[in-house]
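We name chains A, B, ... by the order of the sequence lines, and we start the count at 1 in each one. Remember, it's a predicted structure, so these values are computed and weren't measured experimentally. As a basis for the values below, the full set of heavy atoms in this structure was taken, side chains included, without hydrogen atoms, waters or symmetry mates.
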Protein chains: 2
Amino acid sequence: MVKHAKTECDDAHFAVQDTLYVVGGKWKMMILSILVRFGTKRFGELVKLMGISARILSKELNELEQNKLISRKVCNTKPITVEYSATAYSKSLHEVLNAMIKWGRNHKKKIREK
Amino acid sequence: MVKHAKTECDDAHFAVQDTLYVVGGKWKMMILSILVRFGTKRFGELVKLMGISARILSKELNELEQNKLISRKVCNTKPITVEYSATAYSKSLHEVLNAMIKWGRNHKKKIREK
DNA sequence: GTTACTAGTTACAAAAAGGTTACCATGGTA
DNA sequence: TACCATGGTAACCTTTTTGTAACTAGTAAC
C-alpha cells in the first residue's frame, strides 16, 4: 500500500494510486484481462500468448496470487502443469478492465488517424 | 505505443497495455484525477497537494500535454504562474478514473479489515 | 543415453522510473 | 542590499522494473 505524505488517506486521488500499486505495471492487468476473458490458462500458454519472459510472469503471478486476484492449481499430468484462474475478487476489477480496454482501443484509433 | 510481438494488435489484452502506456506510472492518473475533480491547478499547488518533486511533476505534465490530456496556460502575474487544466479528451478517461477510485477505496477497506 | 516437455529459479545486465540537491531568471518586499 | 516566491532545469544518484541465458527436476518418448 502506498504511504501518503500529509493529506487524508481516503482521498480519491490516493485511491487511484492504491489501485495502481496493486495492478499497475506493464503486465498485471493484461494477465487479468486474459484470465477473466479467456478463462483458466497454463503457465506456458501465458508465456506464448503474452510474449513475456518466464521470470517476469512467475513474479507477476505470485504477486497477483498474494493479492487474491488469481488462483493457482497444480495438475497431476505427466509433466506437471499449473493452471491459473481469475478469482471472484479479480472480477471486481471488471469495470476498471473494461474501461481500460475501451479507452486503449479508442486512443489507438485516434493516433492512427493522425 | 507498445509494440506487439505476434498477436493481432487490436486484441483487448494489448489495448489494456496501450492505456497503461499513456496513463500508467505512479503519478499520471493522480494528476488527471485532481485536475478533473478540482479543476485548474497551478504547478506549485500540484507539488504541495501531491507530494511530488518538481522535476517529476514537470516531466509528467509535459507527457500528459503531449498526449492532449491536459492544457498549460502561462499567466501574466507578478511572479509568473502556470495553470494546468484537464482537456475535453482527458474527460474520456473518467470511466477509467472512477472505476480506479472506487476499486482502490474498496481494496484499502478490505486490507484494513484483516 | 539423449532429447524434449513441463514450470519454474538463479545470476547477471540493462533500462526505466523516481528522487535530491542545487541552480536560474524574474520581480516584489523588507 | 538581501530575501522571498514563482516555475522550472541540470547533474547526479538510487531504486524498481524488465529482460536474457543458463540451469533444475521429473517423466516420457526415441
Has the side chain of B:R55 got a donor or acceptor that lies under 3.5 Å from a partner of the other kind on the base of C:dG18?
yes
Can you check the B:E45 CD to D:dG7 P distance for me, whole Å?
8 Å
Across the strands shown, which category fits A:I80 at heavy-atom distances under 4.0 angstrom: base, sugar-phosphate, nothing?
sugar-phosphate
For A:F43 and C:dC5, give me the distance from atom CZ to atom C1', rounded to whole Å.
14 Å
Kindly say if B:R72 contacts the phosphate of D:dG8, meaning a side-chain N or O under 4.0 Å from OP1 or OP2.
yes
Short side-chain donor-acceptor distance under 3.5 Å, B:T40 and B:S85
yes
In this structure, how many angstroms lie between the C1' atom of C:dG8 and the CD atom of A:E65, rounded?
14 Å
To the nearest Å, give me how far apart CG (A:N76) and P (C:dA7) are.
14 Å
Without decimals, in angstroms, what is the distance between B:I56 CD1 and D:dT14 P?
16 Å
Is the distance from OP1 or OP2 of D:dT6 to the nearest side-chain N or O of B:T77 less than 4.0 Å?
no
Comparing B:N62 and A:K28 on DNA chain D - which has the more 5′ nearest nucleotide
B:N62
Is any side-chain N or O of A:R42 closer than 4.0 Å to OP1 or OP2 of C:dA7?
yes
On DNA chain D, more 5' by nearest nucleotide between A:K78 and B:V82 is B:V82
Among C:dT9, D:dT9, C:dC5, the nucleotide that comes nearest once only the side chain of A:A54 is considered:
C:dT9
With side-chain contact (heavy atoms from CB on, under 4.5 Å) as the criterion, how do A:H94 and A:N98 come out once you've worked through the C-alpha distance, each side chain's angles and the decisive distance to 0.1 Å?
CA-CA 6 Å; A:H94 77 274; A:N98 291 339; 3.9 Å; yes
Between A:L57 and A:F43, which heavy-atom pair has the shortest distance, and what is it?
CD2-O, 3.6 Å
Here the distance between atom C1' of D:dG7 and atom CE of B:M50, to the nearest Å, is 16 Å
Distance-only side-chain donor-acceptor flag, A:H107 / B:Y89, under 3.5 Å
yes
Starting at CD of B:E63 and ending at P of C:dA17, how long is that distance when rounded to a whole Å?
8 Å
How many Å lie between CD on A:Q17 and C1' on C:dG18, as a whole number?
12 Å
Spacing of B:W27 atom CH2 and B:M50 atom CE [to the nearest 0.5 Å]:
5.5 Å
Does B:S53 have a side-chain nitrogen or oxygen under 4.0 Å from the phosphate oxygens OP1 or OP2 of C:dG18?
no
Is the phosphate of D:dT16, meaning OP1 or OP2, less than 4.0 Å from a side-chain N or O of A:Y21?
no
OP1 or OP2 of D:dG19 less than 4.0 angstrom from a side-chain nitrogen or oxygen of A:K26, does that happen here?
yes
